[in-house]
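All of these numbers come straight from a predicted model, not from anything done at the bench.
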Amino acid sequence: MKKYFAIVAMVAACTFGMTPSVMAQAAENQEATAEQVDEAAAQEDQDSIAAAEAAAEEAEAAAEEEDATPVEQPKETLHKVLKTKFIEGDAGFMSLVAIALVLGLAFCIERIIYLTLAQVNTRNFIETLAAKVEKGDIKGAIDFCAGTRGPVAQISKKAMQNLASDDQNDIATIERTINIEAEVQGAYLEENCSWITLFIAMAPSLGFLGTVIGMVAAFDAIEAAGDISPTVVAGGMKVALITTIFGIVVALILQVFYNYILARVEALNSNMEEAAMGLLDMCVKSDKCKK
């Protein structure tokens, strides 16, 4: 019995003796855990602050790069550039140059349309006309010429009218009529070309006149300022150069159209010469022609 109480006493002593140490160790573990949690929270806060600072630095660097990048200006159109230079070149003389361009182009377009409508297939026309004359259908040949446009048809019509008459159907009269009508039609082809050459000469002359006036304005500015500085001279010189440039450009444009018109006139003159030889040949072969 005493041994039993002794064992119970020892177990109780061990139990009560270990409890404070266990509790103390648990308390220490809890404090360590709380410190770790606090350290982790502090580390997270530091990481968040560092991330925010890095993001702010990146945003600031991007903004600086954007500011440093030159802003591309919108490209000016040709119409806007011409309008600006037109105003800078003294609207008075520039308007005269523009009028010369418009009128010159109007005459060029009129001549090009006229010459285009006057163009026919000369060889086919003469062959068809010769077939009618060979059959003796002079009236049908005249109607065929009247229904065809162009100088070749007009010359052929005059020749057929002479061939159909009783007193002007000799070969000498027909040849003379063809030559006269060819000269008349050639004059029609070159009509208004003199106006085109006038505007070709006027455009650069107006430009040079603007140049002289711009130089006079520059010297007046130098005299008023009493100093030969680039700023004083630049205004008058700029007006002078712009008017000259526009005048030369207008003359070049009109010259190109004028040369094209001359080429078409020469082609039509060649067609008339070819038609004249064919007309004389068919008239000589006709029974109605007096040899």
Side-chain angles (χ1 to χ4, degrees), residues 76-120 149-152 154-155 179-223 230 232-274:
E76 294 184 350
T77 61
L78 179 61
H79 177 267
K80 188 175 181 180
V81 172
L82 291 177
K83 183 179 179 181
T84 303
K85 296 301 180 183
F86 184 88
I87 295 173
E88 291 177 353
D90 190 351
F93 285 97
M94 295 298 290
S95 298
L96 295 177
V97 176
I99 290 172
L101 174 61
V102 171
L103 294 178
L105 286 178
F107 283 112
C108 290
I109 293 172
E110 184 272 334
R111 281 294 87 193
I112 291 173
I113 294 174
Y114 179 85
L115 296 174
T116 302
L117 295 176
Q119 185 72 42
V120 295
R149 64 177 183 269
V152 173
Q154 295 300 318
I155 294 172
N179 291 333
I180 293 173
E181 188 63 23
E183 292 180 0
V184 172
Q185 294 299 322
Y188 286 156
L189 295 178
E190 296 178 358
E191 189 178 6
N192 294 331
C193 287
S194 59
W195 288 104
I196 300 174
T197 57
L198 173 64
F199 292 119
I200 291 174
M202 281 182 61
S205 299
L206 291 172
F208 293 142
L209 181 59
T211 299
V212 174
I213 293 177
M215 294 294 293
V216 172
F219 284 115
D220 288 340
I222 293 172
E223 183 180 4
V232 175
V233 182
M237 293 295 294
K238 186 176 184 180
V239 172
L241 294 175
I242 290 176
T243 53
T244 303
I245 290 171
F246 272 81
I248 294 174
V249 169
V250 169
L252 289 174
I253 294 172
L254 295 180
Q255 187 67 51
V256 171
F257 281 100
Y258 181 68
N259 286 354
Y260 174 76
I261 291 169
L262 289 182
R264 298 298 298 269
V265 171
E266 290 177 1
L268 288 171
N269 285 330
S270 299
N271 292 339
M272 286 192 292
E273 292 177 2
E274 181 182 355

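- Residues Gln119 and Asn271 have side chains in contact (heavy-atom distance under 4.5 Å, counting atoms from C-beta outward).
- In this structure, OG1 in Thr243 is found 11.0 Å from CG in Leu96, a value given to the nearest 0.5 Å.
- Residue Ala203 comes nearest to Val250 through the heavy atom pair CB-CG1, 3.5 Å, listed as atom of the first residue, atom of the second, then distance.
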Kindly indicate, with the supporting measurements, whether the criterion side chain to side chain contact (heavy atoms under 4.5 Å, CB included) is fulfilled by Tyr114 and Leu189.
CA-CA 8 Å; Tyr114 179 85; Leu189 295 178; 3.9 Å; yes

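- A pairwise comparison of heavy atoms in Ala201 and Ser205 identifies O-OG, 2.8 Å as the closest pair.
- Counting only heavy atoms from C-beta outward, the side chains of Ile248 and Leu252 approach each other to under 4.5 Å.
- In this structure Ala118 satisfies the side-chain contact (heavy atoms from CB on, under 4.5 Å) test together with Pro151, Leu268, sequence neighbours excluded.
- Partners of Glu273 under the side-chain contact (heavy atoms from CB on, under 4.5 Å) rule, at least two apart in sequence or in another chain, do not exist in this structure.
- Partners of Glu181 by side-chain hydrogen bond (donor to acceptor under 3.5 Å, both in side chains), not counting sequence neighbours, listed by chain and number: Gln185.
- Under the rule for a side-chain hydrogen bond (donor to acceptor under 3.5 Å, both in side chains), the partners of Glu110 that lie at least two apart in sequence or sit in another chain are Asn192.
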For residues 254-262, which side-chain N or O atoms pair as donor and acceptor with protein atoms under 3.5 Å away, sequence neighbours left out?
| residue | atom | partner | partner atom | Å |
| --- | --- | --- | --- | --- |
| Gln255 | NE2 | Asn259 | OD1 | 3.0 |
| Tyr260 | OH | Arg264 | NH1 | 2.8 |

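- Atom CE in Met272 sits 10.0 Å away from atom CD in Glu183 (nearest 0.5 Å).
- Remark: the backbone N or O of Leu117 is paired with a side-chain donor or acceptor of Arg149 at under 3.5 angstrom.
- Met202 CE to Leu101 CG: the interatomic distance, rounded to the nearest 0.5 Å, is 12.0 Å.
- Counting only heavy atoms from C-beta outward, the side chains of Glu191 and Arg111 approach each other to under 4.5 Å.
- We find the SG-CD1 distance between Cys108 and Ile253 to be 10.5 Å, quoted to the nearest 0.5 Å.
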